[in-house]
Structures are given as structure tokens and as C-alpha cells.
Trainee: 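Here it is, the structure, as C-alpha cells.
Chain naming here is simple, since letters A, B, ... match the order of the sequence lines and numbering starts at 1 in each.
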Amino acid sequence: MLLIYNTLTRTKEEFNPINPPNVKMYVCGPTVYDYFHIGNARSFIMSDIIRRYLEYKGYEVKFVMNLTDVDDKIIKKSIDQKRDAKSVAEDYSKAFFEDIQKLKIKPANDYPKATNHIKEIIDLIKKLEQKGFAYNIDGNVFYNVNRFSNYGKLSGKKIDELESGARIEINDEKKDPLDFALWKKAKEGEPFWESPWGKGRPGWHIECSAMSCKHLGETFDIHAGGNDLIFPHHENEIAQSEAATGKKFVNYWIHFGFLNINNEKMSKSLGNIFTARDILKIYSAEAVRLAFAQTHYAGPLNFSDELLSSAEKGLEKLKNLAEKIEEEIKENRQEGIVPKLDFEKYKNNFGTAMDDDFNSPQACAVIFDFVRDVNRAIAENENISLKFYLSVKEFLQNTAEGVLGILDFSETANQSNGALENDLIELLIKLRQDAKLEKNYVLSDKIRNELKNIGIELQDSKSGTTYKKNKK
RNA sequence: GGCGCUGUAGCCAAGUGGCUCAAGGCGAAGGUCUGCAAAACCUUUAUUCGUCGGUUCGAAUCCGACCGGCGCCUCCA
């Protein structure tokens, strides 16, 4: 039984999709005005892990992530760079797809863009207007929060209390300071679309209501995003969608904790923004994913070099085992010992962990327990049969690779490509072996060191010398 | 002011009433293997879970107070 912490009810609830085995899931994607940062990456990776786990459990997940491609920040950048907003959005959309691919994030079923849904957005605003939830002031259309009795139900805020807050700017045009824009009148030089209210563009919140409805329906299962989106963005989405349809918008709301740098929020003013793109120049995608998976998605995560280098280190243990079993599988040893290992136990433990509100840190612990126990079995036995290695591989493929995305067997396998190269290495190993037999350790160490310098690491063992190629 | 999160070993981080009074990763120390390394394995590394009280047969886990860190309430993942 899968439990999910639902922001709406502030409790862990049993997950019951509307139409099993189908699950409809929407995640707020990027505003494409810049490369996305490592904090965004956390949301994307954790929603990816959640999605993969649902699939692991046999659900058919329709996963939709929007791209906000018209927005104040994009317009600002286009003005700064003296080019049109469309090309800014296109460039960073392209970069977004490159980066999520590098992070080994499984592609969504759909990446709807706001600018491709202007019609749906306008229709939705019209509907809200007809129902009396929206009002037009000189080409700006606002949502009237006082008309929606449930306003504040997600964030636990009350309209009166919000109004007494000092930080809300007073806008003369609005009937209430909390009212938010559904349609923004175009200013000179801004991108615009024709609408019943004149030339303008959609407000930020409306696109998610329009697009999630179009691609997932009026009511769907899971909506996820960063913590800071709870208010006002998700609150406003609920207000828009539920006012328009009269139906419940989303059953389970999932929110990701913030990523801090040195215990401070990432911000432009502090100059501590790291893009995912830059981080990936230093660390592997798997290390980033492991570092994130080792912290529960909802809690805060303090990002540091130490965090990633320790994840990179831990990953090596996993990769070493993966390489070992690939080699052994190639041996194709039909006969031999099958060490006793309770694969079902690890599988159950993994599932139990993930079933408890996607407790990925616990799931990682199960995987590392498994790795240790397999290594021990390998150390204690000789002539282990193929059957054992295939079972080990299957488990790791389903969990570490399939759900957490912290291992990639296809990369492990790639290492064995290049027959000539391999023959040369084997030759050197043989020469070194001869040198060792003659106790010419100066030469044998030289061969080992020189190979290491070019990224090939030799490892002696009882059964002979093996090597692995280290990525440069 | 309102709402919410959080304080567990040198670092990161699960656990949220007894069954693990404490997983897992990194780091550190010792050992096995090895010519030496590397990898792997074994052992050790929190009698203790911010502090002080309380509830209970029993609490890191519930309650209260206090101390500390953070977020949201304005664009933000």
C-alpha cells in the first residue's frame, strides 16, 4: 500500500488513483528564461523518481510537465538582450531538454507550452468571467478571490490574514489586493495575442489550469512542484480550476523541499545560483541523483561539494559491482554455486521503503545493504553460476537503475566495446604478469601506473587481473 | 504578526511509542587478501537522538516550555 503525504490534507494518505492502473500526474516545469538551477533539478529528479516508482508498481503513468514560455522574466531577458521573446524561450527550452536528458530524467508524455494553449486559456478565462469569478478592468482580467469560498485551503491561509500582511502591494486596479491576473494587457513591444479583452497575454497561474485540464482532465491524481509554489501558484490553480469546473481539481498534492547552499536560499542577490548544467560538468548525473535520493524529497537539502563527492564515492561501490557482474555474466558459467541470497527480502524492503511516502533514503539503504551482501557472497564463494549474477543484475536494474536512476548498465556494457583496444590492454596485462613472475616489480608497477594515467585501472585478484576504464 | 518545516555520530541522513536504545552513504582507525596497490570483505566509530520538565510499565518517537536553524505570506522549484 502506497502512502503519499498530501499537502492538501497535511497527512499521509493511501494512494488510490481515480482510474487504476492509470495515474495522471502533472509537474510544474520551468520558465524558460535561463538555464535551470540545481534546485529546479531537485524537483525534476524527485518527480522523476516518483513517476518511475509508480511505473515500477505497475501503474500506467501519464506524466505531463509544462513549459512556461511567455512570462515577465522572459520578456525582461528579451529586452536586455535586444531580441524577441520567442527566441529566448526557444533557446532555453532546447537547453532544458538537453539538461534533463543529461540528468537521466525520463521524458514526460507531454511538455505542453503556454503559447500553444492560448485558445484553451482564453476559453477558461471566459468561463470564469461568465461564472462571475473574473472581472475585466481595461484589458486586464483578474480573478476575484473573494468569490471562491475555498481560497486558501491548500496553503492554510485565510484571506483576512493575508490582507493584513504588510507585504502585499496595493494595486488600485484590483478589487482586492489578493486578486491575481488571468490576462495581462500588452504593453508596447510585448508579445501579445488577440482576446475578447484586447491584445494581451496570459497570467502565470492560468496556463497550468488550462493545460492540465486539457491533457489530464478536470480532475487528476497527482500534482507536484516546489514548496514555494504552494502559495500563491497552486492555490490559484485550485481557485481557477475548481471555480470553472465545479469539480475537485487534484487528489494528491506533492511538494518538494528547498535546496539551500550553505544553509542559505539560492538567490541572485547572494550570487549562489548553480545551474544543473554547470554541476554536471563536475559530477555525474548519477551522483546528483543519489545525493538527492539520499534525502527525503519533502525536507530541506543543503547542497555542497562534500555532499556530491560523497555521493560520487558511494556510487563507485555500486558501479564496481555492476561491472563485476557484467564480466561474470559474460563468462556464462552454467554450472556452479548459487549463493543463498534472499532476493525477495530486498525487493520487499525496497518496496516497503518507497511505499512509505517515497522514502528514497531508506530505499538507498536497502540497495547498499544488497550490494554489501552480494559482495560478501562473491568474496566467500568461487565458481558462482550465471544464475546468481543474472538475479543480482535483475534486482539492480529494477531498483537502482529503473526507479532511482543511479546506475546505468548500458554504460557499463559500453566499456567492453573496442576489440582492438581490449586486446592491447590484455597484452599489457600479460606482459605485466610475466614481469611479476620474474619479480620485476619496477616494471609491473610502471605498467600499472602508466595505464592508470590514461584511465585504465588494473586490479589483481586471485583469479587474475581485471581492469576497468574510468571515464575522463 | 500569520502559516509551515527543522535540530539524530566528524559530515550527510533514515527512523516518529516497545520488535533495530538508533538504517544507509561519506570520513576515520584496525584487520583479511596482495610483492605492493586497488577493489572487496570483516571489526571499531551516537548507552544516545537541541535543552529542561511531563505523560507512560516503556519515548529519539506523544505533550509543554525554552533555545537554535530555515522557508512561505511578493517573482521563485
Trainee: Can you find a side chain N or O atom of A:Lys317 that sits less than 4.0 Å from OP1 or OP2 on B:C26?
Mentor: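 Yes.
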Trainee: Of the listed nucleotides (B:A77, B:A38, B:C75), which one gets closest to any side-chain atom of A:Glu457?
Mentor: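 Nucleotide nearest to A:Glu457's side chain: B:A38.
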Trainee: In whole Å, I'd like the distance from the OH atom of A:Tyr283 to the C1' atom of B:G25.
Mentor: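 In whole Å, B:G25 C1' lies 15 Å from A:Tyr283 OH.
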Trainee: Touch check for A:Leu458, heavy atoms < 4.0 angstrom, all strands: base, sugar-phosphate only, or nothing?
Mentor: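 If one applies the 4.0 Å heavy-atom cut-off, A:Leu458 turns out to touch a base.
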Trainee: Do the side-chain N or O atoms of A:Lys157 get closer than 4.0 angstrom to the phosphate oxygens (OP1, OP2) of B:C72?
Mentor: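 False: A:Lys157 side-chain N/O out of range (4.0 Å or more) of B:C72 OP1/OP2.
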Trainee: Using a cut-off of 4.0 Å on non-hydrogen atoms, how would the nucleic acid contact of A:Glu306 be classed: base, sugar-phosphate, or nothing?
Mentor: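 Sugar-phosphate, no base atom in range.
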Trainee: Both distances below 3.5 Å, Watson-Crick or wobble geometry, any strand: find the nucleotide opposite B:A40.
Mentor: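 Result: B:U32.
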Trainee: With heavy atoms under 4.0 Å as the rule, sort A:Phe258 into base, sugar-phosphate or nothing.
Mentor: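 Result for A:Phe258 = base.
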Trainee: To the nearest Å, how far apart are A:Asn375 CG and B:C42 C1'?
Mentor: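 The distance from CG of A:Asn375 to C1' of B:C42 comes to 13 Å, rounded to the nearest Å.
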Trainee: Taking the P atom of each, how far is B:G53 from B:A60, in whole Å?
Mentor: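 These two P atoms come out 15 Å apart once rounded.
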Trainee: Identify whether any heavy atom of A:Gly299 sits under 4.0 Å from a base atom; if not, whether one sits that close to sugar-phosphate; answer base, sugar-phosphate or nothing.
Mentor: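 Nothing: the residue A:Gly299, judged by heavy atoms under 4.0 Å, touches no strand.
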Trainee: Could you give the distance separating B:U48 and B:U20 at their C1' atoms, to the nearest angstrom?
Mentor: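 Looking at atom C1' only, B:U20 and B:U48 are 14 Å apart.
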Trainee: Does A:Asn260 get its side chain close enough to the base of B:G71, under 3.5 Å, for a donor-acceptor pair?
Mentor: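 Result: no qualifying N/O pair found.
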Trainee: In whole Å, measure the gap between the C1' atoms of B:G17 and B:C62 for me.
Mentor: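 Pairwise C1' distance, B:G17 against B:C62, rounds to 7 Å.
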Trainee: Can you tell me how far P of B:A37 sits from NZ of A:Lys452, to the nearest Å?
Mentor: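 It is 13 Å, rounded to the nearest whole Å.
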Trainee: Suppose you measure atom C1' in B:C26 against the same atom in B:A9; what distance do you get, rounded to whole Å?
Mentor: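 The same atom, C1', in both gives a distance of 13 Å.
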Trainee: Which sits closer to the 5' end of RNA chain B, A:His233 or A:Tyr5, going by the nucleotide each is nearest to?
Mentor: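 Checking each residue's closest nucleotide, the 5'-ward one belongs to A:Tyr5.
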Trainee: With distance as the sole test, does A:Arg277 use its side chain to make a donor-acceptor pair with the main-chain N or O of A:Phe36 at under 3.5 Å?
Mentor: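 No, the answer is negative, given that no donor and acceptor are paired below the 3.5 Å cut-off.
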Trainee: Taking atom C1' in both B:U51 and B:G68, what distance in whole Å separates the two?
Mentor: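 B:U51 and B:G68 have their C1' atoms separated by 10 Å.
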Trainee: Rounding to an integer number of Å, can you tell me how far A:Glu438 CD sits from B:C36 P?
Mentor: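 Distance, rounded to whole Å: 19 Å.
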Trainee: Choosing from B:A14, B:C76, B:G35, which nucleotide comes nearest the side chain of A:Asp228?
Mentor: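 Side chain of A:Asp228 sits closest to B:C76.
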Trainee: Roughly how many Å apart are B:G7 and B:C12, using the P atom of each and rounding to a whole number?
Mentor: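 Result for the P pair: 12 Å, nearest Å.
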Trainee: Which nucleotide sits closest to the side chain of A:Trp204: B:G4, B:A13, B:C76?
Mentor: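 When the side chain of A:Trp204 is considered, B:C76 is the closest of B:G4, B:A13, B:C76.
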Trainee: Which nucleotide wins on minimum distance to the side chain of A:Phe231, given the candidates B:C72, B:G35, B:G15?
Mentor: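 The answer is B:C72.
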Trainee: Taking A:His296 for its side chain and A:Gly299 for its backbone only, find out whether a donor-acceptor pair lies under 3.5 Å.
Mentor: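 No; judged by distance alone, with no hydrogens or angles, the pair does not exist.
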Trainee: Among B:G35, B:G15, B:C75, which is the nearest nucleotide to the side chain of A:Asn359?
Mentor: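 Looking only at side-chain atoms, A:Asn359 lies closest to B:G15.
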Trainee: Would you classify A:Leu259 as touching base, sugar-phosphate or nothing, given that sugar-phosphate means primed atoms plus P, OP1 and OP2, and contacts are heavy atoms under 4.0 Å?
Mentor: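 Touches a base.
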Trainee: List the steps and the verdict of ring pair (Phe, Tyr, Trp, His ring centres under 6.0 Å) for A:Tyr111 and A:Phe97.
Mentor: CA-CA 10 Å; A:Tyr111 292 100; A:Phe97 288 117; 4.8 Å; yes
Trainee: Determine yes or no for a side-chain-to-main-chain donor-acceptor pair under 3.5 angstrom, with A:Tyr151 supplying the side chain and A:Ile238 the backbone.
Mentor: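 Pair absent, no side-chain N/O of A:Tyr151 close to backbone of A:Ile238.
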Trainee: Between P on B:G4 and CD on A:Glu235, what's the gap in Å once rounded to a whole number?
Mentor: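 Taking CD of A:Glu235 and P of B:G4, I get 14 Å after rounding.
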Trainee: Could you tell me which non-hydrogen atom of A:Leu315 sits nearest to which non-hydrogen atom of A:Ala287, and how far apart they are?
Mentor: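 Nearest heavy atoms, A:Leu315 then A:Ala287: CD2-N, 3.4 Å.
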Trainee: Would you mind pulling out the nucleotide paired to B:U20, Watson-Crick or G-U wobble, both distances under 3.5 Å?
Mentor: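 WC or wobble partner does not exist here.
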Trainee: Here's a test of your reading of the structure: between A:Tyr441 and A:Val366, which maps to the more 5' nucleotide of RNA chain B?
Mentor: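 Looking at the nearest nucleotide for each, A:Val366 comes out on the 5' side.
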Trainee: Suppose you measure atom C1' in B:U45 against the same atom in B:G4; what distance do you get, rounded to whole Å?
Mentor: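 Result for the C1' pair: 36 Å, nearest Å.
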Trainee: Remember a base hit wins even if backbone is also touched, and classify A:Lys313 as base, sugar-phosphate or nothing at under 4.0 Å, heavy atoms.
Mentor: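 Sugar-phosphate, backbone atoms only, no base.
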Trainee: Base, sugar-phosphate, or nothing for A:Gly225, non-hydrogen atoms under 4.0 angstrom?
Mentor: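 The answer is sugar-phosphate, as A:Gly225 gets under 4.0 Å only of primed atoms, P, OP1 or OP2.
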Trainee: Both conditions, 6.0 Å and 45 degrees, for the charged tip of A:Lys393 above the ring of A:Phe409: are they met here?
Mentor: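 Yes; both conditions hold, so A:Lys393 lies above the ring face of A:Phe409.
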Trainee: Does the structure show A:Phe36 stacking with B:A77, if we require the centres to be closer than 5.5 Å and the planes to be within less than 30 degrees of parallel?
Mentor: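 Per 5.5 Å and 30° rule: no stacking.
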Trainee: At under 4.0 Å between heavy atoms, what does A:Ser304 touch on the DNA or RNA strands: base, sugar-phosphate, or nothing?
Mentor: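 Answer is nothing: A:Ser304 stays at 4.0 Å or more from every strand.
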Trainee: Think A:Arg376 has a side-chain N or O under 4.0 angstrom from the OP1 or OP2 of B:C42?
Mentor: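 A:Arg376 to B:C42 OP1/OP2: side-chain N or O found under 4.0 Å.
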Trainee: In this structure, are over 12 heavy atoms from other groups packed under 6.0 Å from A:Glu426 atom CD?
Mentor: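 Yes, enclosed.
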Trainee: Would you mind classifying the nucleic acid contact of A:Asp72 as base, sugar-phosphate or nothing, using non-hydrogen atoms under 4.0 angstrom?
Mentor: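 The answer is nothing, as A:Asp72 stays clear of every strand by at least 4.0 Å.
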Trainee: Hey, does A:Asp369 reach any base, or is it just sugar-phosphate, or nothing, if we go heavy atoms under 4.0 Å?
Mentor: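 Sugar-phosphate, backbone atoms only, no base.
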Trainee: Determine whether a donor-acceptor pair (one donor, one acceptor, N or O, separation below 3.5 Å) exists between the side chain of A:Asp460 and the base of B:C36.
Mentor: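 A donor-acceptor contact between them is present.
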Trainee: Take A:Phe180 and A:Tyr143, measure what ring pair (Phe, Tyr, Trp, His ring centres under 6.0 Å) needs, and give me the verdict at the end.
Mentor: CA-CA 5 Å; A:Phe180 55 90; A:Tyr143 186 97; 5.0 Å; yes
Trainee: To the side chain of A:Ser444, which of B:G35, B:C72, B:A23 is closest?
Mentor: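 Between B:G35, B:C72, B:A23, the one nearest the side chain of A:Ser444 would be B:G35.
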Trainee: With both distances kept under 3.5 Å, what pairs with B:G4, Watson-Crick or G-U wobble?
Mentor: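 Result: B:C70.
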Trainee: What contact category does A:Asn320 fall into here, base, sugar-phosphate, or nothing, at under 4.0 angstrom with non-hydrogen atoms?
Mentor: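 Sugar-phosphate, backbone atoms only, no base.
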Trainee: Distance-only, no hydrogens or angles: does the A:Asp110 side chain make a donor-acceptor pair with backbone N or O of A:Val64 under 3.5 Å?
Mentor: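 No: the side chain of A:Asp110 does not pair with the backbone of A:Val64.
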Trainee: Please give, in whole Å, the distance from B:A77 C1' to A:Glu237 CD?
Mentor: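 Value for this atom pair: 13 Å.
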Trainee: Looking at B:G25, B:A39, B:A77, which one has an atom nearest to any side-chain atom of A:Gln459?
Mentor: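 Of the candidates, B:A39 comes closest.
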Trainee: Whom does B:A9 pair with, Watson-Crick or G-U wobble, provided both distances fall under 3.5 Å?
Mentor: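 Its partner: none found.
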Trainee: If you look at every strand shown and take non-hydrogen atoms under 4.0 Å, does A:Arg289 touch a base, only sugar-phosphate, or nothing?
Mentor: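 Result for A:Arg289 = nothing.
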Trainee: Is the phosphate of B:G24, meaning OP1 or OP2, less than 4.0 Å from a side-chain N or O of A:Arg372?
Mentor: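 Yes, because at least one side-chain N or O of A:Arg372 sits under 4.0 Å from OP1 or OP2 of B:G24.
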Trainee: Would you classify A:His296 as touching base, sugar-phosphate or nothing, given that sugar-phosphate means primed atoms plus P, OP1 and OP2, and contacts are heavy atoms under 4.0 Å?
Mentor: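 The answer is sugar-phosphate, as A:His296 gets under 4.0 Å only of primed atoms, P, OP1 or OP2.
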Trainee: Would you indicate whether the side-chain heavy atoms of A:Pro112 and A:His117 approach each other to under 4.5 Å?
Mentor: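 Contact flag for A:His117/A:Pro112 side chains = yes.
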Trainee: Rounding to an integer number of Å, can you tell me how far A:His255 NE2 sits from B:C70 P?
Mentor: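 Atom NE2 in A:His255 sits about 23 Å away from atom P in B:C70.
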Trainee: Can you tell me how far P in B:A38 sits from the matching atom in B:C49, rounded to whole Å?
Mentor: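 Approximately 38 Å lies between the P atom of B:A38 and that of B:C49.
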Trainee: From CZ of A:Arg42 over to C1' of B:A77, roughly how many Å is that when rounded to an integer?
Mentor: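 Rounding to the nearest Å, CZ of A:Arg42 and C1' of B:A77 are 10 Å apart.
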Trainee: Can you tell me if A:Phe368 is stacked onto the base of B:G25, using a 5.5 Å centroid cut-off and an angle below 30°?
Mentor: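 The ring of A:Phe368 is not stacked on B:G25.
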Trainee: What about A:Arg448: does its side chain form a donor-acceptor pair under 3.5 Å with the base of B:C36?
Mentor: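 By the distance-only test, yes, there is a pair.
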